[in-house]
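Working notes, beginning with the structure itself.
Counting starts at 1 for both ligands and their atoms, following the listed order. In this text the structure is predicted, and so the values were computed from the model without any measurement.
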Amino acid sequence: MMSDIISAVSTANGVGGVAVIRISGAGSLTLAKKMFRPLKKIENYEPNVMYVGEIDGGDFLDYGMMVVFYAPKSFTGEETVEFHCHGGLAITQGILNKTLSLGARMATNGEFTKRAYLNGKLSLSSCEGLIDMINSEYTAQVKAGYNLYRERLFKKISAMQEELTDCLAEMGANIDYPEEGLEQFTTDKLKNTCQNLKIELENLIDSFGSGRKIKNGVKVALVGRPNTGKSSILNSLLNCDKAIVTSVAGTTRDIVEGELDINGVKFVLYDTAGIRDSEDEVEKIGIERSKKAIDDCDLALFVMDGSQNLTREDKEILNAIKVPLIKVCNKSDKQIVLEKSDYDLTFCALNGDNIELKNRMFSLGVGKTEDLSADLIIEQRHYLALKRALESIKKVLNQIDSEPLELIEYDVRDAWSVLGEITGQTASESIIDEIFSKFCVGK
Ligand SMILES: Nc1nc2c(ncn2[C@@H]2O[C@H](COP(=O)(O)OP(=O)(O)OP(=O)(O)O)[C@@H](O)[C@H]2O)c(=O)[nH]1
Ligand SMILES: [Mg+2]
């Protein structure tokens, strides 16, 4: 348990109807009572009950509420008090300063959550889920963060660790008291456990493909020859006139960016300059950027003019695309001359019908997981740890039939310990500090 009392404004910095100032640490209630005058005299403050009264802001009073949570039944696991005051900057600063003048210390970034973690209220991965949720702009990010926050990954990882612990216990007994027959039993059990873990780890690792995009957004590049209708498609998808559209080939020079919500997932669209051989200095730079966008994106919309035959340039652009792509035959209102095998779907940027394109972008862009409430790995840190754990498990499986148990034990322990980094059990101080530094003050 930490000894000092920390304090911060927990609501966003700005003007609002209500704001919350939170203090945490043993003695928080004693401190809070020095700056709160309840409407009626209170002998004992009940936990989780809102008391109405005057809150001292130093040079002024506010009329609001106070609630206490006693240890360990609070977010941090410590005695915690919250003042719910009116949400003005001078009001919150005054009340915060008053708590500081009475002996509290300003909380650092994420310190309330860090205390929750250190007091065993949340796992490290849960804390990461919490920050993911807070930073979410799209509903899929909230859902994925919520799963993490509610310990769904923690439970999976802990179950895997338990299986390894069982094996280690048996291996230990075997190494200490080798017995004919028992060794084979231990080896078989270990092999079985590791084979199952390998599949489980591979599935989790695989889910990062979708999870990463849910967390960071799917980058989509609209590419193709000049004048095929890329900017028109961007405008259709965004439902606004974001990019300039003209009948002049080479209209788009710099990349035009826009964000789109498809089923709660963030898609970042990049409309690019039409790619062709050009001598124009400005256009050439734009074309270089288009080529870079093709390399950097998660999904490409390769846009063709359906009323024209494929050209050498079309084919060259197509060959340069190494990411998943949708071949769009645009200008479907005109006579289509392209072969059916040349495209995935027809499109007309002049009307507003883009549902099919969006559906395809979703299934191809997010990956095979369409169930956004499924458990997905969304954090790079977890992904890297899972990969390391998988390596150790594979080593065990490779050596199990040829090496003595004593030698294999090291890799089993290693897998266990790497998994513990995810939940925080074996995470180093620098990992922990880095995670909490990403939080804002007051959380
Ligand atoms: N008939 C028809 N015309 C379209 C369609 N989509 C785009 N156009 C027209 O095609 C021309 C080029 O459209 P843009 O959207 O500027 O094409 P672009 O691919 O962005 O062109 P660059 O920026 O030069 O590479 C404009 O005159 C559009 O109005 C469509 O679906 N049908
Ligand atoms: Mg354009």
Side-chain angles (χ1 to χ4, degrees), residues 218-260 262 267-321 323-361 364-365:
V218 185
K219 290 193 250 172
V220 184
L222 289 120
V223 293
R225 270 196 292 124
N227 230 9
T228 53
K230 299 175 293 300
S231 302
S232 306
I233 294 177
L234 176 91
N235 290 347
S236 161
L237 288 168
L238 297 179
N239 199 20
C240 70
D241 275 336
K242 177 102 184 189
I244 298 171
V245 168
T246 74
S247 57
V248 181
T251 299
T252 306
R253 299 296 180 97
D254 221 340
I255 287 180
V256 181
E257 220 180 295
E259 267 185 41
L260 177 66
I262 309 182
F267 281 74
V268 188
L269 309 180
Y270 300 92
D271 174 29
T272 64
I275 298 174
R276 64 174 169 183
D277 296 328
S278 169
E279 290 310 315
D280 181 293
E281 204 178 331
V282 181
E283 191 179 0
K284 267 163 78 176
I285 297 171
I287 291 169
E288 280 315 306
R289 291 187 181 186
S290 304
K291 290 179 178 165
K292 191 167 179 310
I294 293 180
D295 293 335
D296 291 347
C297 67
D298 301 306
L299 172 70
L301 299 191
F302 173 58
V303 182
M304 294 166 282
D305 182 335
S307 67
Q308 296 175 1
N309 285 314
L310 281 190
T311 65
R312 174 185 57 83
E313 277 157 337
D314 279 318
K315 289 175 189 159
E316 279 175 9
I317 299 164
L318 193 55
N319 283 337
I321 301 174
V323 292
L325 85 156
I326 303 173
K327 291 182 251 178
V328 184
C329 167
N330 191 34
K331 309 198 184 180
S332 65
D333 53 306
K334 291 189 178 178
Q335 178 74 34
I336 295 181
V337 300
L338 281 180
E339 296 287 332
K340 266 210 161 66
S341 57
D342 289 332
Y343 56 85
D344 298 316
L345 86 166
T346 56
F347 194 84
C348 174
L350 303 185
N351 69 37
D353 182 9
N354 52 30
I355 306 243
E356 195 193 339
L357 179 59
K358 280 185 184 167
N359 285 342
R360 283 189 188 235
M361 284 168 68
L364 212 60

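The residues D305 and K331 are annotated as salt-bridged, a charged nitrogen and a carboxylate oxygen being separated by less than 4.0 angstrom. For E356 and R360, the salt-bridge test passes: some basic side-chain N is under 4.0 Å from an acidic carboxylate O. Between E288 and K284 no salt bridge is recorded (no basic side-chain N to carboxylate O distance below 4.0 Å). Between D342 and K327, no side-chain nitrogen of the basic residue sits less than 4.0 Å from a carboxylate oxygen of the acidic one, so the salt-bridge criterion is not met.
Residue K334 places no N or O, backbone or side chain, under 3.5 Å from any N or O of ligand 1. Where the criterion is an N or O separation shorter than 3.5 Å, residue side chain and backbone included, G274 meets it with respect to ligand 1. The shortest N or O to N or O distance between D271 and ligand 1 is not below 3.5 Å. Here's the thing with G229: one of its N/O atoms is less than 3.5 angstrom from an N/O atom of ligand 1. Taking any N or O of D333, backbone or side chain, at least one lies under 3.5 Å from an N or O belonging to ligand 1.
Residues M361 and L269 are in side-chain contact: their nearest non-hydrogen atoms beyond the backbone lie under 4.5 Å apart. Two residues are said to be in side-chain contact when any heavy atoms from C-beta on lie closer than 4.5 Å; K292 and I255 fail this criterion. Taking 4.5 Å as the limit, every side-chain heavy atom of I275 sits out of range of all side-chain heavy atoms of E313. With contacts defined as side-chain heavy-atom distances shorter than 4.5 Å, the pair V328/L345 qualifies.
Residue V248 has at least one heavy-atom neighbour below 4.0 Å for each of these atoms of ligand 1: 24 (O). Counting atoms of ligand 1 from 1 in the listed order, those under 4.0 Å from a heavy atom of A249 are 24 (O). Shown in contact with C348 at under 4.0 Å from a heavy atom are these atoms of ligand 1, numbered in order with element: 31 (O).
The single protein non-hydrogen atom nearest to atom 29 (O) of ligand 1 is V245 CG1, 3.8 Å, given as residue, atom name and distance. With hydrogens left out, the protein atom closest to atom 5 (C) of ligand 1 is K331 CG, 3.6 Å, a heavy atom. The protein non-hydrogen atom at the shortest distance from atom 15 (O) of ligand 1 is S232 OG, 2.5 Å. For atom 24 (O) of ligand 1, the nearest protein heavy atom (residue, atom name, distance) is G250 N, 2.7 Å. The nearest protein atom to atom 31 (O) of ligand 1, hydrogens excluded, is given as A349 N, 2.8 Å; this is a heavy-atom distance. Nearest to atom 27 (O) of ligand 1 among the protein's heavy atoms is S247 CA, 3.5 Å. Residue, atom and distance of the protein heavy atom nearest to atom 6 (N) of ligand 1 are N330 ND2, 3.1 Å. Given atom 22 (P) of ligand 1, the protein heavy atom at minimum distance is N227 N, 3.6 Å.
Within the coordination shell of the Mg ion (ligand 2), defined by N, O or S atoms under 2.8 Å, S232 is absent. Distances from the Mg ion (ligand 2) show that T251 has no N/O/S atom below 2.8 Å.
Between atom CD of residue E283 and atom OG1 of residue T252 there is a gap of 10.0 Å, rounded to the nearest 0.5 Å. To the nearest 0.5 angstrom, I317 atom CD1 is 11.0 Å from R276 atom CZ.
Summarising the contacts of atom 16 (O) of ligand 1 with I287, T251, T246, the nearest heavy atom is found in T246.
When rounded to 10 degrees, the angle formed at the Mg ion (ligand 2) by OG1 (T252) and OG (S231) equals 90°.
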Legend entry - side chain to side chain contact (heavy atoms under 4.5 Å, CB included) between D314 and F302, intermediate numbers included: CA-CA 9 Å; D314 279 318; F302 173 58; 4.0 Å; yes
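For the pair N330 (side chain) and V303 (backbone), a donor-acceptor distance under 3.5 Å is absent.
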